[in-house]
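Worksheet: the structure to be examined is printed underneath.
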Amino acid sequence: MDTQEDKLRKNLLIFAASFMTFAVMFWLFIYWMMGSNFSSNVPLGYQAISVASLVYYVKTRDLAIFRFVQLTLFLFAPFIMQWSLGSSVTSSGVTLWALLAPIGALVVSGWRESIPWFFT
């Protein structure tokens, strides 16, 4: 049986993954309207991986894999996005989004499990 804290962590991670998946739809629309076809592939890939990990979690209830995939997406997708756009000026500081990984790890994991996310 899960404690209340574990249930809250799971629900927060599912909410964050779902929210980001829906936010990426808006992001994709903006990039397609701007004509940035290559740059729109990054959010599309993000969305596909995020949905696949969510489906995997629903089927297997393996929180460790789901948490790792989501935090990895939070950490590395902004850097790939910034690279595809050219610079931090043109990407509007999308790299700041990567701060969600260590903060998210602190929220959905314990403080001991989140330490590596602060150093990557």
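Numbers for residues simply follow the sequence, beginning at 1. Since we're looking at a predicted model, the values are computed, not measured.
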Which heavy atom in [X] sits nearest to a heavy atom in [Y], and how many Å separate them?
{"X": "Ala77", "Y": "Val42", "result": "O-CG1, 4.2 Å"}
{"X": "Leu28", "Y": "Leu44", "result": "CD2-N, 3.7 Å"}
{"X": "Thr72", "Y": "Phe68", "result": "OG1-O, 2.6 Å"}
{"X": "Ala105", "Y": "Trp117", "result": "CB-CD1, 3.4 Å"}
{"X": "Leu75", "Y": "Ala101", "result": "CB-CB, 3.6 Å"}

Cut-off 3.5 Å, no hydrogens considered: what does the side-chain donor-acceptor table look like for residues 8-26, sequence neighbours left out?
| residue | atom | partner | partner atom | Å |
| --- | --- | --- | --- | --- |
| Arg9 | NH2 | Glu5 | OE2 | 2.7 |
| Arg9 | NH2 | Ser109 | O | 3.4 |
| Lys10 | NZ | Asp2 | OD2 | 2.4 |
| Asn11 | ND2 | Lys7 | O | 3.3 |
| Ser18 | OG | Ile14 | O | 2.9 |
| Thr21 | OG1 | Ala17 | O | 2.8 |
| Thr21 | OG1 | Ser50 | OG | 3.2 |

- Who pairs with Thr3 by side chain to side chain donor-acceptor pair (under 3.5 Å), at least two apart in sequence or on another chain? Asp6
- Message: For a 4.5 angstrom cut-off between non-hydrogen side-chain atoms, does Leu106 reach Trp111?
- Response: yes
- Task: Compare all side-chain heavy atoms of Phe66 with those of Asp62 and state whether any distance is below 4.5 angstrom.
- Result: no
Do [X] and [Y] sit in the same hydrophobic cluster, where Ile, Leu, Val, Met, Phe, Trp and Tyr count as joined when their side-chain heavy atoms come under 4.5 Å apart?
{"X": "Ile49", "Y": "Val51", "answer": "no"}
{"X": "Ile103", "Y": "Ile115", "answer": "no"}
{"X": "Ile65", "Y": "Phe74", "answer": "yes"}
{"X": "Phe79", "Y": "Tyr46", "answer": "no"}

- Query: Which pairs with one or both residues in residues 67-81 pass salt bridge (Lys or Arg N to Asp or Glu O under 4.0 Å), sequence neighbours excluded?
  - Reply: none
